[in-house]
Peer 1: 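Structure in structure tokens, see below.
Residue numbers start from 1 in every chain, and the chains themselves are labelled A, B, ... in the order their sequence lines are given, proteins ahead of strands.
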2 protein chains.
Amino acid sequence: MLRGLMNSSDELMAVRAAELYYDEGRTQDEIGSALHITRWKVGRLLAQARATGIVRIEIVHPRARRVLAEQAVKRRYGLKDIVVASSAGVSSAEELQRRVAQAAADYLTALRPAPHTLGVSWGRTMHDVAACLPRGWAHGVGVVQINGGLSLTKYGDTASATALVIAQKAAGSAHVLPIPAILEHTATKRSIERDRAIAGVLDRAAHAQAYLFGAGVAGADSALVHSGYLTAEEVEALVRKGAVGDVVGRFIGVDGVPVDSELDSRTVGLPLERIRTAETAIAVVAGEGKHEVARAMVTNGLCTVLITDDGTAAALLEGSAEPERREVQEQAS
Amino acid sequence: MLRGLMNSSDELMAVRAAELYYDEGRTQDEIGSALHITRWKVGRLLAQARATGIVRIEIVHPRARRVLAEQAVKRRYGLKDIVVASSAGVSSAEELQRRVAQAAADYLTALRPAPHTLGVSWGRTMHDVAACLPRGWAHGVGVVQINGGLSLTKYGDTASATALVIAQKAAGSAHVLPIPAILEHTATKRSIERDRAIAGVLDRAAHAQAYLFGAGVAGADSALVHSGYLTAEEVEALVRKGAVGDVVGRFIGVDGVPVDSELDSRTVGLPLERIRTAETAIAVVAGEGKHEVARAMVTNGLCTVLITDDGTAAALLEGSAEPERREVQEQAS
DNA sequence: CGGGGCGTTGCGCAGATGAGCGGATGACGC
DNA sequence: GCGTCATCCGCTCATCTGCGCAACGCCCCG
């Protein structure tokens with residue numbers, strides 16, 4: 001049952017019918033008499049035209065979603081929920097990122113039941129999500145930072161700022177981790193975690209009802225490189241060990257497990273296991289470079305909810321044997 | 001009655017409704033209960049979504065036409081008929097040109113009553129039209145070349161070849177003008193026209209029922225420059241005199257009249273007056289560079305039928321005060 | 001040459017959809 | 001505070017459209 005096999009004269013007829021139907025708004029009956037065919041034939045031609053992609057219907061709007069791709073990805077990876085933002089009409093990577101962040105903000109706002117405590121990470125993506133959240137998106141939510149992020153290069157702590165903004169906009173309380181993401185020695189990390197204030201925040205983080213976090217690329221662009229925790233060379237070494245990106249500060253491979261256990265033991269924050277067992281773990285992942293991390297996350301249970309763009313969704317569906325794959329990819333590309 | 005004025009929450013609702021309707025194929029009733037609105041509201045939102053361009057329906061096919069743009073241009077310039085080819089999915093100027101040529105071939109094939117004698121010009125566009133015509137597009141049509149075109153630079157006569165191909169594919173006879181397009185002296189032109197064979201062809205051309213011709217840009221790219229009749233400098237001089245392009249070898253200004261009467265008197269072929277008074281004069285004009293010539297032609301009655309691309313159509317509609325202008329341009333761009 | 005299988009066509013019908021209409025609701029000016 | 005106007009909403013009705021079904025023609029193979 002390969003669709004798209006149409007008589008070439010039927011194909012031309014379908015094009016004419018589609019023009020009259022969608023551009024001129026004529027009824028199938030009118031079109032039938034104009035083209036000297038029955039109205040049933042017109043209906044079938046129009047259906048074929050849509051099926052073969054001659055007629056392309058796209059929804060051009062910053063908040064448009066790709067429902068078909070959502071369903072396919074959700075089913076394939078057994079996610080609890082998913083949002084796939086449309087990239088129709090997007091011209092820059094920043095714009096795409098912003099659209100996905102907006103989608104995440106919308107999702108969070110609509111999340112029911114609202115979490116009592118929300119664990120959040122930081123990064124470029126999370127910053128955008130915080131910015132997109134409307135004032136009053138929730139009421140009295142406790143927002144806990146789940147991994148360290150005191151910037152070594154920039155003035156001010158953008159990581160904590162993210163948590164603060166999210167909390168402020170919900171008229172809630174923020175619990176920040178004003179400590180480095182990665183320490184030089186495992187011992188330092190252990191002792192910091194034992195500090196009463198820090199331990200309190202980490203404990204609170206471990207008991208959050210929901211987590212919201214981004215993902216980083218494994219490359220010189222990584223936020224951990226920009227912040228000065230790692231050098232480009234160190235990240236390159238991680239890539240050689242199989243790293244595809246980082247989740248809450250921890251670089252994982254395609255199996256979803258940290259590629260460097262020593263580095264991992266120096267990383268402050270919630271262990272990935274906690275994310276993996278969380279009831280609600282919302283990953284926000286956008287952009288060409290993050291397809292691999294996204295795949296690693298969804299295949300290894302590192303999120304229950306995925307919020308991403310249609311390009312990433314298409315990448316996640318590649319190699320799928322699902323019947324509607326072609327359609328979904330066409331739409332998502 | 002300015003459309004596009006929508007409540008922002010309505011707008012979001014419209015986006016969601018459009019997703020469910022067009023992507024998922026749900027009924028308006030289902031969407032209504034899903035979004036907690038009545039089905040009538042859903043219908044109105046969908047209508048608004050289409051009106052404001054949130055939902056964009058385009059027909060992606062090499063032979064797709066722009067019916068709305070066709071109507072607008074036809075009405076505005078009082079044409080007898082028109083074809084506007086869609087440029088959706090076109091990547092190169094050549095592809096666009098080919099689509100328009102195909103449209104012209106289709107138009108010619110469907111033309112009823114079929115002309116007994118068809119006058120044709122030559123050029124890149126006409127060459128493509130000839131190539132696109134199917135074998136047997138008509139039966140026994142006499143094809144007459146209406147302007148000289150013996151190439152001075154290339155071997156063989158591509159101008160006559162065009163007429164020959166068109167005639168052959170209709171199992172008809174060709175009458176060619178194996179003479180230069182432009183002569184050096186007016187006297188030579190006069191004596192050539194007095195030659196019995198030439199005069200016979202020209203007379204036949206003058207009595208054709210229909211004419212098919214392209215248009216050239218006024219620039220170094222002109223076919224008349226490539227063929228060696230004019231130098232780039234001479235064309236530049238013509239541009240300074242107001243030339244916007246050439247029609248059957250004659251450079252015209254925005255008023256549709258030859259800009260250089262001396263040059264015109266050295267040009268062999270049908271006078272523009274004959275085209276202007278023809279019952280059926282089919283102009284085939286495609287491409288960014290030909291917007292101005294196209295305008296000159298349609299505003300001065302140099303064609304009764306226009307076959308062009310949607311970009312040119314949009315250009316022709318610019319400055320129009322027609323109510324549906326916005327929509328048409330959106331669609332045509 | 002004939003029969004069976006398959007795709008295509010025309011059609012009835014029920015469900016889906018769009019146009020027009022009165023009433024409610026809210027904004028604005030007096 | 002009140003009258004007026006415009007807009008929006010839900011509804012009825014007529015129309016449009018998608019789906020299932022039977023008949024037809026076509027092609028392949030025996």
Side-chain angles (χ1 to χ4, degrees), chain A residues 1-59 61 67-68 71 323-324 326-328 330-331, chain B residues 1-59 61 64 67-68 71 323-324 326-327 330-331:
Chain A
M1 203 274 278
L2 196 58
R3 57 220 334 213
L5 283 182
M6 251 199 276
N7 190 345
S8 81
S9 79
D10 261 19
E11 190 174 318
L12 219 130
M13 215 59 138
V15 173
R16 295 284 160 262
E19 287 161 2
L20 294 169
Y21 192 74
Y22 291 107
D23 286 352
E24 282 208 71
R26 309 248 227 121
T27 74
Q28 297 185 3
D29 217 354
E30 287 176 304
I31 296 167
S33 46
L35 300 183
H36 307 291
I37 50 181
T38 63
R39 70 183 184 81
W40 296 283
K41 178 82 179 169
V42 175
R44 283 178 187 125
L45 287 176
L46 288 173
Q48 281 176 81
R50 256 184 296 182
T52 56
I54 290 176
V55 169
R56 186 179 183 153
I57 302 180
E58 69 174 356
I59 298 161
H61 194 277
V67 191
L68 285 178
Q71 290 176 339
E324 69 281 5
R326 194 186 308 120
E327 245 178 78
V328 172
E330 246 175 39
Q331 195 208 40
Chain B
M1 206 271 279
L2 196 57
R3 56 217 339 209
L5 281 182
M6 251 199 276
N7 190 345
S8 82
S9 80
D10 261 17
E11 191 173 318
L12 219 129
M13 216 57 138
V15 173
R16 296 281 158 265
E19 286 160 2
L20 294 168
Y21 192 73
Y22 291 107
D23 287 352
E24 284 208 70
R26 310 249 227 119
T27 72
Q28 297 186 4
D29 216 353
E30 287 177 303
I31 296 168
S33 45
L35 300 181
H36 308 290
I37 50 181
T38 64
R39 71 180 186 81
W40 297 281
K41 179 81 179 169
V42 175
R44 283 180 189 128
L45 286 176
L46 288 173
Q48 280 177 84
R50 259 183 294 181
T52 56
I54 290 175
V55 169
R56 185 177 180 161
I57 301 180
E58 69 175 353
I59 297 161
H61 193 278
V67 191
L68 285 179
Q71 290 177 339
E324 69 280 7
R326 195 187 307 120
E327 245 178 77
E330 245 174 40
Q331 194 208 41

Peer 1: Evaluate B:Ile59 against A:Val15 for side-chain contact (heavy atoms from CB on, under 4.5 Å), listing each step before the verdict.
Peer 2: CA-CA 7 Å; B:Ile59 297 161; A:Val15 173; 4.2 Å; yes
Peer 1: Of B:Glu11, B:Arg16, B:Glu19, which is the lone residue that meets side-chain hydrogen bond (donor to acceptor under 3.5 Å, both in side chains) with A:His61?
Peer 2: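 Considering B:Glu11, B:Arg16, B:Glu19, a side-chain hydrogen bond (donor to acceptor under 3.5 Å, both in side chains) with A:His61 is found only for B:Glu11.
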Peer 1: Looking at the side chain of A:Arg39, which of D:dT12, D:dT17, C:dT17 is the nearest nucleotide?
Peer 2: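 Of the candidates, D:dT17 comes closest.
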Peer 1: Supply the atom-to-atom distance B:Arg26 CZ to B:Ile31 CD1, rounded to the nearest 0.5 angstrom.
Peer 2: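 Between B:Arg26 CZ and B:Ile31 CD1, I get 7.0 Å after rounding to 0.5 Å.
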Peer 1: To the nearest Å, give me how far apart CG (B:Leu45) and C1' (C:dG18) are.
Peer 2: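 These atoms are roughly 15 Å apart.
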Peer 1: Does a side-chain heavy-atom distance below 4.5 Å link A:Leu45 with A:Ile37?
Peer 2: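 A:Leu45 vs A:Ile37: side chains touch.
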Peer 1: Would you kindly give the OH-to-P distance between B:Tyr22 and C:dA16, to the nearest whole Å?
Peer 2: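 Rounding to the nearest Å, OH of B:Tyr22 and P of C:dA16 are 17 Å apart.
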Peer 1: Measuring from A:Glu24:CD to B:Leu68:CG, what's the distance to the nearest 0.5 Å?
Peer 2: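 CG of B:Leu68 is found 6.5 Å from CD of A:Glu24.
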Peer 1: In whole angstrom, what separates A:Glu30's CD from C:dG18's P?
Peer 2: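 It works out to 15 Å between those atoms.
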Peer 1: Atom CD1 of B:Ile31 to atom C1' of C:dT17: distance rounded to whole Å?
Peer 2: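 The distance from CD1 of B:Ile31 to C1' of C:dT17 comes to 12 Å, rounded to the nearest Å.
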Peer 1: When rounded to the nearest 0.5 angstrom, what is the spacing between CD in B:Gln48 and CG in B:Asp10?
Peer 2: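 Going from the CD atom of B:Gln48 to the CG atom of B:Asp10 covers 6.5 Å.
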Peer 1: For the residue pair B:Arg50 and A:Tyr22, establish whether any side-chain heavy-atom pair is separated by less than 4.5 Å.
Peer 2: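 With C-beta onward as the side chain, the pair stays apart.
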Peer 1: Compare the minimum distances between each of D:dC21, D:dG18, C:dT17 and the side chain of B:Thr27, then state the nucleotide with the smallest one.
Peer 2: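 Given the options D:dC21, D:dG18, C:dT17, the side chain of B:Thr27 is closest to C:dT17.
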Peer 1: Below the 4.0 Å mark, does C:dG18 have OP1 or OP2 next to a side-chain nitrogen or oxygen of B:Gln28?
Peer 2: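 So the side-chain polar atoms of B:Gln28 do come within 4.0 Å of the phosphate oxygens OP1 or OP2 of C:dG18, strictly under.
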Peer 1: Quickly work out the B:Gln48 CD to D:dC9 C1' distance and round it to whole Å.
Peer 2: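 After rounding, the gap between these two atoms is 13 Å.
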Peer 1: Which angle, rounded to 10°, do you find between the first-five-pair axis and the last-five-pair axis of the helix from C:dC1-D:dG30 to C:dC30-D:dG1?
Peer 2: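 About 30°, once rounded to a multiple of 10°.
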Peer 1: C:dT17 base to B:Trp40 side chain: any donor-acceptor pair below 3.5 Å?
Peer 2: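 Checked by distance alone, the answer is no.
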Peer 1: Between D:dT12, C:dG10, C:dG20, which nucleotide gets closest to the side-chain atoms of A:Arg44?
Peer 2: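 Ranking D:dT12, C:dG10, C:dG20 by closest atom to the A:Arg44 side chain puts C:dG10 first.
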Peer 1: Rounded to the nearest Å, what distance is computed from the NZ atom of residue A:Lys41 to the P atom of nucleotide C:dG7?
Peer 2: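 Taking NZ of A:Lys41 and P of C:dG7, I get 15 Å after rounding.
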Peer 1: In this structure, how many angstroms lie between the C1' atom of D:dG18 and the CZ atom of B:Arg26, rounded?
Peer 2: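 Nearest whole value for this atom pair: 18 Å.
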Peer 1: To the nearest angstrom, how far is A:Asp29 atom CG from C:dA16 atom P?
Peer 2: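 So the CG-P distance, A:Asp29 to C:dA16, works out to 21 Å.
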